[in-house]
Amino acid sequence: MSILIQNGRVIDPASGRDEAMDVLIEDSKIARVAKGIQANADETIDAKNKIVAPGFVDMHVHLREPGREDKENIHSGTRAAAAGGFTSVCAMPNTTPVCDTAQGLQFLASRARDNAVVNILPVAAVTVGQAGEAIVEFGDLVYYGAVAFSDDGNPIMNAEIMCRALEYTSMFNVPILDHCDNVDLSKDGQMRSGANSVRLGLKGIPPASESSQVARDIDLAQYTGGRVHICHVSVRQSVRHVANAKKSGVNVTCEATPHHLTLTDAAMEGYDANFKVNPPLGSEDDRRALIEGLRDGTIDCIATDHAPHTDMEKDNVMTEAPFGVIGLESAFPVLYTDLVLTGEIGLNLLLEKITIAPSRILNLKKGTLAEGADADIVVLDLDEEYAIDPQKFFSRSHNCPFVGKQVKGRPVATIVGGRVVFRDGQIVT
Ligand SMILES: [Zn+2]
Ligand SMILES: [Zn+2]
């Protein structure tokens, strides 16, 4: 099986390549990237006036299977990923049951074989049942395919547990994906504390509930030599901590989400729970800090924290509605429209943050168009203009904070391991 992608503008941030080229895929690998390739391919894709880039890699996705298939499952979640241009997604372990054993990883792998259209990279829990009390069998779980560990959704409050987890995971050179939140400070909070939370009468979550844990876990990573990756950084003080830690050589990386990069707590005005996220949307100053962090390298990558919830759960009163928004199908157009077209960051930097940067953090041979690499590729049309409509998403859930937003840019073809899985709005199986 061979595919020839012709006439596209090839952008490969891993190599710095950005020029008009053809890409030849043979079997599951990238065979050649060159001008005017003559080949008798089984399939030809004309990418004239389009971008050809490595498939996107999302380090932070909640697929909800097993346990909450009413919100999302591997079938729907990976189709949403393909439609959004993502060819690899990390599956977070806060499922029911929690993915904290080899059995859990084997279940995920078997479900992925039958139902997934993109690569699923499993993340296992740091502690048994994500209860924060006993660490898991890290070596066993790495052997069975865990690419990282996380208690996302249940912050690890016990510093001694965090220390031991960092010590053990450092032996396998895998990161802990760290949801930093001091739950004593954030308890019962609905949004970021500040003038808006007071005005709206919603209990606030202080910025320090995130940044104080970021500071603690940076110190613990330095002490143990472990690798900590801070999830969904949302406040300026956290960005400051990470920047200082990097200067001192601490093994720390971090991500920001599309919603924290483009929205602020002012969005809570209409009491719409589709803006209720954890960590909460910050101030405009926080948002500026995240964009500056993308530019200067403090923020390594962008991850969606795709967190599906049913309409019924989100239509509830604010205090009852769960935290989280979906993001796979809106990430690229929203980031391209609000960060690239506004001149905040360049297209190549955006692509770097969603391809090679997360791949490096996870030690993956992904996120590149190098010859011999896995043929995970996305073709993007940057000119198409449309309004975001979650009813048209492949995701089972609709809790999107960008409903009706006018955007530009859309994946038109997604190729995973040399196979077209998404083309012109349709999943191809
Ligand atoms: Zn989280
Ligand atoms: Zn999450």
Side-chain angles (χ1 to χ4, degrees), residues 57-65 67-68 71-72 77 80-81 84 86 89-96 98-100 120-127 130-132 146-157 162 165 175-183 185-187 189-192 205 207 209-214 216-217 228-235 238 242 253-261 274-282 286 290 299 301-309 313-314 321-328 330-331 358 361-362 395 397 399-401:
V57 177
D58 192 343
M59 283 185 70
H60 195 143
V61 172
H62 298 274
L63 290 173
R64 304 297 189 212
E65 184 173 353
R68 284 308 301 264
K71 297 178 193 237
E72 196 80 283
F86 291 91
V89 296
C90 281
M92 281 295 187
N94 60 335
T95 46
T96 312
V98 167
C99 184
D100 57 5
I120 295 182
L121 310 165
V123 176
V126 177
T127 64
Q130 291 193 318
V147 297
F149 293 89
S150 183
D151 272 7
D152 186 49
N154 294 287
I156 301 168
M157 291 294 288
M162 190 65 178
I176 289 184
L177 314 184
D178 192 7
H179 176 125
C180 289
D181 176 18
N182 185 315
V183 296
L185 287 173
S186 63
K187 192 170 181 289
Q190 304 298 317
M191 65 177 289
R192 178 68 68 223
I205 297 172
S209 93
E210 173 182 296
S211 60
S212 63
Q213 290 295 98
V214 170
R216 182 199 78 169
D217 291 346
V228 68
H229 172 85
I230 315 291
C231 297
H232 41 53
V233 167
S234 74
V235 299
S238 302
V242 173
T253 52
C254 70
E255 75 198 21
T257 71
H259 46 278
H260 290 109
L261 284 162
N274 284 328
F275 297 97
K276 179 178 173 179
V277 285
N278 189 3
L281 298 172
D286 292 322
L290 299 181
I299 294 178
C301 67
I302 300 174
T304 65
D305 195 3
H306 178 83
H309 294 294
E313 290 170 305
K314 278 294 198 182
F323 290 96
V325 293
I326 53 173
L328 288 168
S330 55
I361 294 167
L362 296 166
S395 172
S397 291
N399 53 315
C400 168

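Order of listing sets the numbers, starting from 1, for every ligand and every atom in it.
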Donor on one side chain, acceptor on other, Arg64 and Ser397, under 3.5 Å: no
Quick one: do the Asp305 and His62 side chains pair a donor with an acceptor below 3.5 Å? yes
Output yes if His62 passes the N/O/S-under-2.8 Å test against the Zn ion (ligand 2); output no otherwise. yes
Is His232 close enough to the Zn ion (ligand 1) that one of its N, O or S atoms comes in under 2.8 Å? yes
Here the gap from Cys400 atom SG to Lys314 atom NZ, rounded to the nearest 0.5 Å, amounts to 11.0 Å
Angle at the Zn ion (ligand 2) between NE2 of His60 and OD1 of Asp305, to 10°? 80°
Minimum heavy-atom distance between Ile156 and Met162, given as atom pair plus value: CD1-SD, 3.8 Å
Nearest to the Zn ion (ligand 1) - the N/O/S atom of Asp152, by atom name: OD1
Heteroatom of His179 nearest to the Zn ion (ligand 1) (N, O or S, atom name): ND1
Look at the aromatic rings of His60 and His232 and report parallel, tilted or perpendicular, splitting at 30° and 60°. tilted
